[in-house]
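What follows is a single structure, written as structure tokens, with notes after it.
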Amino acid sequence: MKKSVQNLSSGRTFNEPVIQTIYGYLLDSYGLQGWWPLIELHNSYGTNPTKTGSIRGYHPGNYTYPHTENQQFEIICGALLTQNTNWQQVEKALINLRQMDSLYPERILSCDIETLKEAIKPAGYYNQKAARLKILAEWFTNFKSQTPEREELLSLKGIGPETADSILLYAFKQPSFVVDAYTRRVVSNLGLVEEKAKYSEIKALFEENLPEDLVIYQEYHALLVEHAKRYYQKKISYSRCPLLRLVSD
DNA sequence: AACCAGGACGTGA
DNA sequence: TCACGTCATGGT
């Protein structure tokens with residue numbers, strides 16, 4: 001799907017997928033996002049004034065993470081804990097687990113379930129998420145292959161399409177585009193998909209209009225979240241989204 | 001005081 | 001398949 005796009009800065013018209021034009025705009029506006037945040041990274045990357053909220057744990061421009069299996073596991077836990085919850089709450093839960101020295105699969109497995117619930121309580125849904133963390137820990141301990149299949153992740157209770165893609169993209173560095181509620185709102189508001197388009201359709205829209213590139217997939221999803229936090233939290237602000245000017249038919 | 005946050009699952013049409 | 005209720009804390 002290609003769209004003719006008016007490039008306002010250069011004043012010339014050229015053929016470029018609108019999905020790529022949006023990426024350029026977001027990158028210019030907010031800069032590199034440096035996902036997935038890792039709680040042990042003590043702000044060593046300085047501040048990013050264009051970023052909302054805490055900058056803890058982000059590592060913009062560094063795509064070498066995760067460095068260890070522990071970091072890999074931390075990303076996986078974060079992906080589960082952040083379901084329908086904001087990241088600040090997830091950080092509290094992860095830090096609790098860290099302080100208990102329990103942010104490892106073996107410790108999650110051996111941890112008393114009530115203790116585990118108490119630790120992750122700030123992230124909400126703690127009854128479900130505690131049980132599902134144990135399922136994830138069990139899986140992570142036993143899985144053999146270097147990188148899991150998407151279907152394998154989806155077979156685990158608590159892992160749906162977005163969480164599976166997040167784990168693939170950020171923990172295993174596989175170019176699998178992540179579609180979240182924000183992504184859906186943005187592309188729907190821009191008229192690129194129907195309001196109730198299926199997850200796979202939105203995923204395909206991005207993957208078919210971008211080079212299959214890990215860095216682009218990682219940054220694009222993070223940029224969409226950053227952008228949507230500003231214009232897509234309340235419905236009345238959808239109309240103020242600056243991207244609307246970029247996608248004029 | 002509602003409303004929502006970087007969703008997924010179980011159920012019944 | 002799909003629409004809907006449920007899970008739960010905490011910030012605005």
Side-chain angles (χ1 to χ4, degrees), chain A residues 26 30 32-39 48 51-60 65 74-97 113-114 116-136 139 150-171 176-189 193-203 206 217-238:
Chain A
L26 295 176
Y30 309 120
L32 297 174
Q33 298 300 298
W35 279 34
W36 188 278
L38 291 161
I39 61 176
N48 181 348
K51 198 165 188 21
T52 55
S54 162
I55 57 99
R56 177 199 304 272
Y58 297 91
H59 42 87
Y65 293 102
E74 179 187 329
I75 294 171
I76 292 169
C77 291
L80 177 83
L81 291 171
T82 198
Q83 290 171 359
N84 207 33
T85 306
N86 48 47
W87 185 254
Q88 286 193 358
Q89 300 303 111
V90 177
E91 270 190 343
K92 295 177 188 172
L94 289 174
I95 289 170
N96 285 343
L97 291 174
I113 188 70
E114 295 302 324
L116 185 55
K117 288 178 182 178
E118 199 60 31
I120 67 171
K121 185 169 276 187
Y125 306 122
Y126 56 87
N127 292 305
Q128 296 182 354
K129 286 178 177 175
R132 292 169 184 182
L133 273 184
K134 280 183 175 289
I135 295 175
L136 269 182
W139 168 79
R150 191 169 187 268
E151 294 307 318
E152 181 181 352
L153 291 170
L154 289 174
S155 72
L156 303 173
K157 183 168 296 185
I159 307 298
E162 182 191 339
T163 308
D165 287 330
S166 292
I167 291 173
L168 287 170
L169 183 60
Y170 294 107
S176 190
F177 202 89
V178 178
V179 176
D180 67 339
Y182 283 145
T183 307
R184 174 180 302 277
R185 289 181 201 172
V186 172
V187 293
S188 169
N189 187 46
V193 300
E194 301 295 326
E195 288 187 21
K196 44 175 199 171
K198 298 196 298 188
Y199 185 97
S200 58
E201 299 178 42
I202 301 176
K203 181 178 173 69
F206 285 91
Y217 282 22
Q218 288 190 343
E219 291 292 344
Y220 207 151
H221 171 62
L223 285 164
L224 280 168
V225 172
E226 179 61 29
H227 179 73
K229 280 179 177 172
R230 304 166 183 238
Y231 298 100
Y232 290 85
Q233 306 222 88
K234 300 200 178 285
K235 207 160 190 177
I236 49 175
S237 56
Y238 289 13

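Bear in mind the structure is a predicted one, so any value in this text is a computation, not a measurement.
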Base, sugar-phosphate, or nothing for Arg184(A), non-hydrogen atoms under 4.0 angstrom? nothing

Counting only side-chain N and O atoms of Asn127(A), is one of them less than 4.0 Å from OP1 or OP2 of dA8(C)? yes

Could you check whether the rings of Tyr65(A) and His59(A) sit parallel, tilted or perpendicular, using 30° and 60° as the cut-offs? tilted

Measure up the Phe206(A) and Tyr220(A) rings against each other and bin them: parallel (under 30°), tilted (30 to 60°), perpendicular (over 60°). perpendicular

Scan Leu81(A) against the nucleic acid and name what it touches under 4.0 Å (heavy atoms): base, sugar-phosphate only, or nothing. nothing

Is the positively charged end of Lys121(A) above the ring of Tyr126(A), judged by distance under 6.0 angstrom from the centroid and angle within 45° of the axis? yes

Looking at dT6(C), I'd like to know if its phosphate oxygens (OP1 or OP2) sit under 4.0 Å from a side-chain N or O belonging to Tyr125(A). no

Value in whole Å for how far the C1' atom of dA2(B) lies from CD of Gln233(A): 15 Å

Taking dA1(B) as the reference, what is the distance to dG10(C) when you measure between their C1' atoms (whole Å, please)? 14 Å

Under 4.0 Å between a side-chain N/O of Tyr182(A) and OP1 or OP2 of dG6(B), yes or no? yes

Ring geometry between His221(A) and Trp35(A) (parallel below 30°, tilted from 30 to 60°, perpendicular above 60°): perpendicular

Map Gly158(A) and Thr85(A) onto DNA chain B by nearest heavy atom, then report which one ends up closer to the 5' terminus. Thr85(A)

Please determine whether a side-chain nitrogen or oxygen atom of Lys157(A) lies at a distance below 4.0 Å from atom OP1 or OP2 of dG10(B). yes

So what does Ile159(A) hit on the nucleic acid, given a heavy-atom distance under 4.0 Å: a base, only sugar-phosphate, or nothing? sugar-phosphate

In terms of heavy-atom contacts, Lys129(A) and Gln83(A) come closest through NZ-O, 3.2 Å

Is the shortest side-chain N/O distance from Arg185(A) to OP1 or OP2 of dA5(B) below 4.0 Å? yes

Could you measure between the two C1' atoms, the one in dA2(B) and the one in dA8(C), and give it in whole Å? 16 Å

dC2(C) to dG6(B) separation - P atoms, rounded to the nearest Å: 27 Å

Spacing between Trp87(A) atom CH2 and dA5(B) atom P, to the nearest angstrom: 17 Å

Using the C1' atom as the reference point in each nucleotide, state the distance between dA5(B) and dC7(C) in Å, no decimals. 14 Å

When you measure from the side-chain N and O atoms of Lys92(A) to the phosphate of dG11(C), is any distance below 4.0 Å, counting only OP1 and OP2? yes

Thr163(A) vs dA8(B): side-chain N/O to OP1/OP2 distance below 4.0 Å: yes

